[in-house]
Amino acid sequence: MRVILLGCPGAGKGTQAKVICERYHIPQISTGDMLRAAVNEGSDLGKQVASIMSSGALVPDDIMIQLVQKRITDPDCANGFLLDGFPRTVPQAIALHDAKISIDHIIEIYVDDETVIRRLSGRWVHPGSGRAYHIDFNPPLVPGKDDITGDSLIQRDDDKESTVRHRLKVYYDQTIPLLDYYTHLANSSEEHAPMFSQINGNLPVAQVTKEIFSILG
Ligand code: AP5
């Protein structure tokens, strides 16, 4: 199964990606996690993207397309994958399509802006795995520690309110046009056209998961 999760910052893509991937035994390809790992390693890619990411802007399309096209040739993607955070622009989506990488399900999780601000200001993340918690809505079993490894949790640089508002603006300007793109593709007569669904991400985590599972079957 090949799935794309779309949604603004803080919509819950990463949270839902974890449970979907566990249930369907497919890898989660989070472009944000891949880029953060590159920044932490201090690789050439990391040096190139660090300041772009902390400003809340998007990394150039050519870098992202190359990164994802390479990742999905890895053996663990043979039976499918979940893309979390890619595509994020129409040119990125067109590149997937032109590379004949067909997708079964595209799911947009929508959430209102004020909910996003509340969520991201209370988010704590396990840097090794990308597991996300929230101090009120989804707290870890032990405060400040990852449930699985016990490692310390951190807050992301780009979760400051001013940066989150900029990330939302970037989302409306550059990613929202993808909704039209995928609506047209889903309604086309093209062979292997994906199914496109939209889900209310303002609901509690478990309810959003239930809706996603009912779409994926
Ligand atoms: P990325 O890491 O992809 O960030 P994002 O899209 O902004 O998404 P987030 O990780 O902030 O949110 P999420 O939807 O995963 O929410 P989460 O589940 O954590 O990208 C970071 C940067 O990398 C970009 O700004 C850009 O610079 C660059 N980049 C990445 N991909 C790129 C691309 N393709 N092209 C160009 N640049 C790219 O949940 C958030 C919080 O809410 C958590 O605390 C969680 O516990 C809580 N929560 C989740 N669901 C619920 C719920 N239903 N109810 C209550 N709380 C909830």
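Both counts, for ligands and for their atoms, begin at 1 and track the order of listing. The analysis underlying the following values was restricted to heavy atoms, covering all of them including side chains, and did not include hydrogens, waters or symmetry mates. A quick note: this is a predicted structure, and the numbers were derived from the prediction, not measured.
Annotation for ligand 1: atoms under 4.0 Å from non-hydrogen atoms of Leu203 are 52 (C), 53 (N), 54 (N). Against a heavy-atom cut-off of under 4.0 Å, Gly14 is close to the following atoms of ligand 1: 13 (P), 15 (O), 18 (O). Within ligand 1, counting atoms from 1 as listed, the ones closer than 4.0 Å to a heavy atom of Ala132 are 19 (O), 46 (O). For ligand 1, the atoms sitting less than 4.0 Å from at least one non-hydrogen atom of Thr31 are 30 (C), 31 (N), 32 (C), 34 (N), numbered in the order shown with element in parentheses. Of all atoms in ligand 1, numbered sequentially from 1 with element shown, those under 4.0 Å from a heavy atom of Leu120 are 40 (C). Heavy-atom proximity to Phe137, at under 4.0 Å, picks out these atoms of ligand 1: 55 (C), 56 (N). Per-residue contacts place Asn138 under 4.0 angstrom from the following atoms of ligand 1 (heavy atoms of the residue considered): 46 (O). Within ligand 1, counting atoms from 1 as listed, the ones closer than 4.0 Å to a heavy atom of Gly201 are 53 (N).
Here atom 51 (C) of ligand 1 lies nearest to Val205 when heavy atoms of Asp158, Val205, Leu168 are compared. Considering each of Ala57, Gly32, Pro9, Ala206, the one bringing a non-hydrogen atom nearest atom 25 (O) of ligand 1 is Ala57. Across the listed options Gln155, Arg118, Arg119, Met53, Arg119 owns the non-hydrogen atom lying nearest to atom 50 (N) of ligand 1. Of the options Arg167, Gln16, Arg88, the smallest heavy-atom separation from atom 20 (O) of ligand 1 is shown by Arg88.
Taking the six-membered ring where tryptophan is involved, the planes of Tyr181 and His97 are perpendicular, since the angle between them exceeds 60° and thus also 30°.
When heavy-atom distances to ligand 1 are checked against a 4.0 Å cut-off, Pro204 comes that close only through its backbone atoms N, CA, C and O. Contact annotation: for Tyr133 versus ligand 1, heavy atoms closer than 4.0 Å belong to the backbone alone. Residue-level proximity to ligand 1 for Met64 is carried by the side chain, the only part with a heavy atom below 4.0 angstrom.
At a 4.0 Å cut-off, at least one heavy atom of Arg36 sits close enough to ligand 1 to count as contact. Residue-ligand proximity: Cys8 is placed with a non-hydrogen atom under 4.0 Å from ligand 1. Residue contact check for ligand 1: Asp61 places no non-hydrogen atom closer than 4.0 Å to it.
Put simply, CG on Leu185 and CD1 on Ile103 are 10.0 Å apart, with the number rounded to the nearest 0.5 Å. Annotation: the span from Gln174 atom CD to Asp61 atom CG amounts to 8.0 Å, rounded to 0.5 Å.
Ion pairing of Asp146 with Arg131 is present here, as a side-chain N (NZ or NE/NH1/NH2) and a carboxylate O approach within less than 4.0 Å. In summary, Arg118 and Asp113 do not engage in a salt bridge, as defined by a charged side-chain N under 4.0 Å from a carboxylate O. Between Asp104 and Arg2 there is no salt bridge, since no side-chain N of the basic residue sits under 4.0 Å from a carboxylate O of the acidic one. For the pair Glu190 and Lys100, the salt-bridge criterion is not met [side-chain N within less than 4.0 Å of a carboxylate O].
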Show me the side-chain donor-acceptor pairs of residues 76-85 shorter than 3.5 Å, one per line, residues at least two apart or across chains.
unit_1, atom_1, unit_2, atom_2, d
Asp76, OD1, Arg71, NH1, 2.9
Asp76, OD2, Arg71, NH2, 2.8
Asp84, OD2, Gln28, NE2, 2.9

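What sits closest to atom 4 (O) of ligand 1 on the protein, heavy atoms only, is Arg156 NH2, 3.3 Å. Nearest protein neighbour of atom 34 (N) of ligand 1, counting heavy atoms only, is Gly85 O, 2.8 Å. In terms of protein heavy-atom proximity, atom 37 (N) of ligand 1 is nearest to Val59 N, 3.0 Å. For atom 9 (P) of ligand 1, the closest heavy atom belonging to the protein is Arg123 NH1, 3.3 Å. The protein heavy-atom contact nearest to atom 13 (P) of ligand 1 is Lys13 N, 3.6 Å. Regarding atom 18 (O) of ligand 1, its nearest protein heavy-atom neighbour is Thr15 OG1, 2.6 Å. What sits closest to atom 35 (N) of ligand 1 on the protein, heavy atoms only, is Gln92 NE2, 3.0 Å. The protein atom (non-hydrogen) at minimum distance from atom 29 (N) of ligand 1 is Leu35 CD1, 3.5 Å.
Looking at ligand 1, you'll find an N or O of Gly12 within less than 3.5 Å of one of its N or O atoms. Residue-to-ligand polar distances keep Gly56 apart from ligand 1: every N/O pair is separated by 3.5 Å or more.
Val125 is not listed as a side-chain neighbour of Gln155, based on a closest heavy-atom distance of 4.5 Å or more. Two residues are said to be in side-chain contact when any heavy atoms from C-beta on lie closer than 4.5 Å; Pro140 and Trp124 fail this criterion.
Thr163 and His166 share no donor-acceptor pair across their side chains, judged by distance under 3.5 Å alone. Checked by atom type, the side-chain pair Ser121/Glu161 shows no donor-acceptor distance below 3.5 Å.
Residues that satisfy the salt bridge (Lys or Arg N to Asp or Glu O under 4.0 Å) test with Asp33, not counting sequence neighbours, are Arg36.
Distance alone, capped at 3.5 Å, is enough to place a donor-acceptor pair between the Tyr133 side chain and the Asp147 backbone. Distance alone, capped at 3.5 Å, places no donor-acceptor pair between the Arg88 side chain and the Leu58 backbone. Arg167 contributes no side-chain N or O that, together with a main-chain N or O of Gly56, makes up a donor-acceptor pair within less than 3.5 Å.
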